[in-house]
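All remarks here apply to the structure that follows.
None of the values given here were measured: they were computed from a predicted structure.
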There are 2 protein chains.
Amino acid sequence: MAEVAALVGDPARANILCALLDGRALTATELAYAAGVSAQTTSGHLSKLRGARLIDVCKQGRHRYYRLTGAHVGQMLESIMAVALTGPPRLQPRSKADDLIRHARTCYDHFAGELGVGIADRLIACDCVVLGNEAGEVTEAGAAFLTELGVDLSAARARRRVFCRPCVDWTERRPHIGGAVGAALANRCFELGWVERVRDSRALNITPTGRRGFMEAFELSV
Amino acid sequence: MAEVAALVGDPARANILCALLDGRALTATELAYAAGVSAQTTSGHLSKLRGARLIDVCKQGRHRYYRLTGAHVGQMLESIMAVALTGPPRLQPRSKADDLIRHARTCYDHFAGELGVGIADRLIACDCVVLGNEAGEVTEAGAAFLTELGVDLSAARARRRVFCRPCVDWTERRPHIGGAVGAALANRCFELGWVERVRDSRALNITPTGRRGFMEAFELSV
DNA sequence: CCGATACTTCGGCCGTAGCCGAAGCAATTG
DNA sequence: CAATTGCTTCGGCTACGGCCGAAGTATCGG
């Protein structure tokens, strides 16, 4: 157990894992950049993480793509973050990138930040979703609404992961919607071209189309 | 974040935190013994853990009692353990103490091990409890049954924590019952003298009375 | 008060592990 | 078949942090 924690406990490796938190697979070089250390050093870290089965690798040509081995690793990282935030408040320089990421970002594979919390608030307000402390449910009205929007709920339901999970947002400190539903909704928004990923970051850029879309669908001005 | 993980990442500190996992408050000396290092070293570790708000201290005479600051720390530790267990299987010498702890122990403040899982199985089998993936519920029949047993459900309900939470057992790899219900049930069993804590361990000793009680109440031979 | 116990602080030793430069494979490109 | 790119292995440097012995503060008991 200490071993796993120690792996996460190195700043370079923590950066690597955080970079992988959005569920995408990244190359060793990209991770080296994210970690802020040289390629050699990164390579060493990656093989350690792989040894402990925290990450998987898949070769494609001369690239090697790394990803988290599963959602349990993501959840562990989130729970560590949650504890880290309850600690003594640290002065951190607010940067522009920071503001971006507070505004809208992905959290493993669903939306977080003001955007994610705003969507959750709206869905709860109009009885589309009921969120408990550790689980949530989509109402009939909610299913109808999401289907109307083009979200494939049946596919989400078929997957073996938790269907609807509240996920405490580390910037807003309020829950947003995770689980298969959150992922399906996020996917649909990508499809619709409402949001785009910002390069080298978990931050999201909301397109003009998205601005209109979120207003119409969720009465959300972003 | 890396900071918190690094704190857990040291073997001595991991031992300390695990020793506190059952929710009891322990003295610095007891923790030194649990960690397997000297009192001075332990003192250093404790002040670091305190600095990061992972543990709280309360002075009582010449003793200082340390405890986890809250359930979120416990949950973080559990999630790290869960990941550690999915890693490469490690050969660990099975000791007598090991068997004891596999048989019956506390998990933060409720029962785990064969005992905890057995109780959960029985409660589910006779429709007293329904356990989902991330949350659970006590049925009317269950409420009646537990009240009959002397468990104070209304007090449990009044507390602000999650009422009924499935908690994956790290030895049995199946869920047992946590949350306020799990804690209340465990409390009642202590009151009835069915179980006693084993010194310096999270393991539990089941008394002869307990053996009869668990058989009558849960049809469980332990 | 004096000694014992509980715990902390200080100082110095030592090992582990992170880091990079250099060099070595492997796959791709011109 | 070089030259380039992506990634890894090796070797050596360095520093951070855990560890204990010794000494210093609290609290309790006789």
Query raised in the report: Mapping R64(B) and A39(A) to their closest nucleotides on DNA chain C, which lands nearer the 5' end?
Result: R64(B)
Report task. Rounded off to whole Å, could you give me the NE2-to-C1' distance for the H63(B) and dC28(D) pair? Result -> 9 Å
Requested in this report: Establish, from distance only, whether the side-chain atoms of T207(B) and N205(B) form a donor-acceptor pair under 3.5 Å.
Outcome: no
Report task. Determine the interplanar angle of the H110(A) and H176(A) rings, folded into 0 to 90°, and report it as parallel if under 30°, tilted if 30 to 60°, perpendicular if over 60°. Result -> tilted
Report each atom pair, protein N/O against N/O of nucleotides 21-23 of chain D, whose distance is under 3.5 angstrom.
residue, atom, partner, partner atom, Å
dG21(D), N7, Q40(B), NE2, 2.6

Could you go through residues 7-20 of chain A and list every donor-acceptor pair under 3.5 Å that involves a side-chain atom there, pairing it with any protein atom two or more places apart or in another chain?
residue, atom, partner, partner atom, Å
D10(A), OD2, A12(A), N, 3.0
D10(A), OD2, R13(A), N, 3.2
R13(A), NE, L7(A), O, 2.7
R13(A), NH1, H45(A), ND1, 3.2
R13(A), NH2, A6(A), O, 3.3
N15(A), ND2, P11(A), O, 3.4

Query raised in the report: Do any side-chain nitrogens or oxygens of K59(B) fall under 4.0 Å of OP1 or OP2 in dT27(D)?
Result: yes
**Report entry** Spacing between L46(A) atom CG and dG6(D) atom C1', to the nearest angstrom
**Finding:** 13 Å
Query - Rounded distance (Å) that lies between atom P of dA3(D) and atom CZ of R62(A) - result: 16 Å
Query raised in the report: Roughly how many Å is it from CG in L31(B) to P in dT8(C), rounded to a whole number?
Result: 10 Å
Requested in this report: Could you tell me whether R67(A) atom CZ has more than 12 heavy atoms of other residues or ligands within 6.0 Å of it?
Outcome: no
Where do N or O atoms of nucleotides 14-18 of chain D meet protein N or O atoms at under 3.5 Å, pair by pair?
residue, atom, partner, partner atom, Å
dG18(D), OP1, R13(B), NH1, 2.9
dG18(D), OP1, R13(B), NH2, 2.9
dG18(D), OP2, K48(B), NZ, 2.4

Report summary line: Shortest non-hydrogen pair, M81(A) vs L21(A), comes out as CE-CD1, 3.9 Å
